[in-house]
Amino acid sequence: MEEQTNQQQAPGTPQGGNQDVEKNKTMAIVGYIIPFLFFVPLVSEAKNSSYAKFHANQQLNLLLAAIAVNIVGTIIPVLGWFIILPLGTIGLIILAIMGIISASKGEMKKLPIIGGFELIK
């Protein structure tokens, strides 16, 4: 009796495999460095890549979180200026570094706290 192997992909791996990752790794990293460029993978040749779309979604989440931190930190006097803005900015930089590491390793790991939102499908 032959054992049938189910070739399902492990969670966190791109559907296109290693070729998809290697071809679109730069596109997946670029938006973490400059958050306003999250759309680059969506308009480039990487637009059909599940790997690039996943990281573009994470980058958009990061951009929206940065906008929220800056708005809240600016509106609230004293507490916002001296606590929310500095700590929020440090947190966002840490999340961006985590995203860069994930993208450079070829992984599709969601960012903590903000990574669960799927805005780009």
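Given the structure is predicted, the values throughout are model-derived calculations rather than measurements. Residues: numbered from 1 along the sequence shown.
Taken together through direct or relayed side-chain contacts under 4.5 Å among Ile, Leu, Val, Met, Phe, Trp and Tyr, F54 and I101 form parts of separate hydrophobic clusters. Linking Ile, Leu, Val, Met, Phe, Trp and Tyr residues whenever their side-chain heavy atoms come within less than 4.5 Å leaves M108 and M27 in two separate clusters. In the hydrophobic cluster analysis, where Ile, Leu, Val, Met, Phe, Trp and Tyr join through side-chain heavy atoms closer than 4.5 angstrom, I120 is grouped together with I67. Cluster annotation: V78 is not connected to I71 through the hydrophobic network of ILVMFWY side chains, with a link wherever side-chain heavy atoms come within less than 4.5 Å. In the hydrophobic clustering of ILVMFWY residues, with side-chain heavy atoms under 4.5 Å counting as a link, V21 and I29 come out apart.
L87 belongs to a hydrophobic cluster with V72, I76, L79, I83, I84, counting contacts under 4.5 Å between side-chain heavy atoms of Ile, Leu, Val, Met, Phe, Trp and Tyr, direct or through other members.
Nearest heavy atoms, V69 versus G88: CG1-CA, 3.8 Å. The minimum heavy-atom distance between L37 and V30, with the atom names listed, is O-CG1, 4.3 Å. Nearest heavy atoms, W81 versus P86: O-CD, 3.5 Å.
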For residues 93-100, run the donor-acceptor check on the side chains, cut-off 3.5 Å, and write out each pair with its distance to 0.1 Å, sequence neighbours left out.
none

Sequence neighbours excluded and cut-off under 3.5 Å, please list the side-chain donor-acceptor pairs for residues 112-119, or say none.
none

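Note that NZ of K53 is 11.0 Å distant from CG of N24, once rounded to the nearest 0.5 Å. How far CG of N61 is from CZ of F38: 10.0 Å, rounded to the nearest 0.5 Å. Interatomic distance, N18 CG to K25 NZ, rounded to the nearest 0.5 Å: 9.0 Å. If you take CG on L63 and CD1 on I34, they are separated by 12.5 Å, rounding to the nearest 0.5 Å.
Between the Q58 side chain and the L111 main chain, a donor and an acceptor come within less than 3.5 Å of each other. Judged by distance alone, with hydrogens and angles left aside, the side-chain atoms of S49 form no donor-acceptor pair with the main-chain N or O of D20 at under 3.5 Å.
H55 has its ring centre less than 6.0 Å from the ring centre of Y32.
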